[in-house]
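Lettering follows sequence order; numbering is per chain, from 1. No hydrogens, no waters, no symmetry mates; every other heavy atom, side chains included, goes into these values.
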Number of protein chains: 2
Amino acid sequence: MGYGFCMSTIDFAPPPFVPQATGKLRAILDAAKRAVVRDGLNAISIDAIAADAGVSRQTVYNHLGDKEQLVIAVIRDVTARSSASLMAAVATFPDRPDDVEAALTEFAVRLLDPCMCDIDGRALRWLLERESGRYPELLQTWQAYGPGQDWPIIAGCFARLAANGYLELDDASVAARHFVALISADLPTAQGPCVRPSREAVQKAAATGVRTFLRAFASRQR
Amino acid sequence: MGYGFCMSTIDFAPPPFVPQATGKLRAILDAAKRAVVRDGLNAISIDAIAADAGVSRQTVYNHLGDKEQLVIAVIRDVTARSSASLMAAVATFPDRPDDVEAALTEFAVRLLDPCMCDIDGRALRWLLERESGRYPELLQTWQAYGPGQDWPIIAGCFARLAANGYLELDDASVAARHFVALISADLPTAQGPCVRPSREAVQKAAATGVRTFLRAFASRQR
DNA sequence: GTAAAATTAGACAACAGTGTCCAAATTTTT
DNA sequence: AAAAATTTGGACACTGTTGTCTAATTTTAC
């Protein structure tokens with residue numbers, strides 16, 4: 001089956017090449033992130049980012065040097081932070097829950113709310129969908145260090161739950177993708193990635209998605 | 001239940017306010033569409049669009065008058081064409097199939113391949129996700145004439161299939177959303193919206209998604 | 001074939017953004 | 001308190017884009 005990995009082998013250390021930015025640099029990266037999510041990689045303006053960050057334009061050039069390097073820094077920052085929050089959520093995957101539906105719903109909320117809905121997750125998804133063709137750096141970073149690595153891990157979680165008798169799965173990686181697709185299906189996306197869904201909306205989407213997921217994959221012997 | 005509509009009542013006429021563009025205008029709109037999908041609404045250049053359309057810049061201004069109006073024209077065009085192709089696919093929803101799984105898989109392919117994957121569908125999804133906040137015209141047009149209207153229709157299709165005894169549904173609109181989410185889940189999106197998935201990939205994604213869908217919703221008495 | 005309409009190429013001013021330089025001001029460190 | 005590092009604001013040349021205008025050319029309609 002290929003999913004027989006152990007949770008404790010996961011390396012939770014953040015990717016080494018992304019120093020935790022603080023101070024002005026942090027403000028610049030956050031502002032740049034907002035700008036990218038709002039306007040796209042091609043339409044961002046250094047002036048606007050500097051103004052949004054409450055910093056002079058020269059400071060941006062001092063820290064990042066170049067628009068290209070600014071973009072790369074944003075990509076790395078978003079990837080690292082998003083991966084870290086995803087790892088944190090995955091670490092809470094239920095092992096032997098009393099109530100599978102409740103446990104999976106809570107896990108879905110933990111996955112959706114801080115990971116898919118926060119600024120980093122939205123920015124990353126946006127970037128991957130839109131810019132992976134133009135910035136090879138992006139896809140490379142994602143595959144090497146980011147949540148791209150985490151998908152097999154999520155699949156492993158479901159395989160474990162199946163091995164414990166809670167689920168009946170043919171293919172754990174399909175189940176993992178369908179799980180995420182189902183809990184995301186009911187999130188209101190029409191408002192655009194700039195608007196964070198409410199907690200209630202997330203809760204409802206998770207519950208509805210998990211119910212369908214379990215209709216498909218719950219073990220019948222329980 | 002509220003889904004008791006009849007197929008023959010659907011108005012297949014295209015929205016009245018979008019004349020079928022031909023000739024140079026068609027070329028301009030197509031080029032603009034490609035540019036928007038590739039670069040975003042903020043980053044498009046009239047010069048580049050004109051060059052891509054094989055047309056002089058002045059002709060763009062003659063036809064559309066303004067960048068703002070160009071964007072609005074693209075939105076209307078994309079919405080109308082996407083809605084038309086979605087309607088055409090929905091009209092082929094299976095009624096009393098011998099093999100539900102095969103019939104739904106074929107329908108899923110018809111839904112995915114021309115509707116979600118063609119340039120209009122991708123452009124529309126892209127626009128909705130990204131620009132609905134800034135261009136109220138977009139959300140308005142979508143809700144009034146576009147595929148936004150079609151969701152209840154798809155839900156009605158599933159309700160009918162359930163009424164015919166093929167499915168067991170609590171909520172047909174949830175089932176419709178989950179159906180689309182599942183058949184879309186396995187499409188390779190990491191390549192970005194500029195790359196159209198291969199026919200085989202679409203076929204595989206549809207089959208996998210439908211299998212899970214039927215695990216959840218297939219009637220057990222058949 | 002001729003008149004009308006559409007299209008083209010090119011020039012043009014106005015504007016916005018980039019990236020650099022520098023001197024003054026501010027903050028941090030010693 | 002002095003020294004060092006960082007930040008600021010403004011000026012600058014440069015580039016690319018917009019939208020307008022013109023005269024010449026091509027296409028279409030009669």
Under 4.0 Å: is that the gap between some side-chain N or O of [X] and OP1 or OP2 of [N]?
X     : N     : value
B/H63 : C/dT7 : yes
B/T59 : C/dT8 : yes
A/K24 : D/dT8 : yes

Measure from [atom1] on [X] to [atom2] on [N] and round the result to the nearest Å.
X     : N      : atom1 : atom2 : answer
B/D66 : D/dT17 : CG    : P     : 17 Å
B/R57 : D/dT20 : CZ    : P     : 11 Å
A/I49 : C/dG19 : CD1   : C1'   : 14 Å
B/L25 : C/dA6  : CG    : C1'   : 13 Å
B/D47 : C/dG10 : CG    : C1'   : 12 Å
B/N62 : C/dT8  : CG    : C1'   : 10 Å
A/L70 : C/dG17 : CG    : P     : 15 Å
B/Q58 : C/dC12 : CD    : P     : 16 Å

Of the candidate nucleotides C/dT20, D/dG19, D/dC21, which contains the atom at the shortest distance from the side chain of A/Y61? C/dT20
Salt-bridge criterion met for B/D186 and A/R177 (N-O under 4.0 Å): yes
Pairwise side-chain contact, A/V210 with A/L182, heavy-atom cut-off 4.5 Å (strictly under):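 Answer no - side chains too far apart.
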Could you give me the CA-CA distance, side-chain angles and deciding distance for A/D30 and A/R26, then say whether salt bridge (charged side-chain N to carboxylate O under 4.0 Å, His left out) is met? CA-CA 6 Å; A/D30 285 341; A/R26 178 79 266 144; 3.3 Å; yes
Can you see which heavy atom on B/V180 is nearest to which on B/S184, and at what distance?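 Heavy atoms of B/V180 and B/S184 come nearest at O-OG, 2.6 Å.
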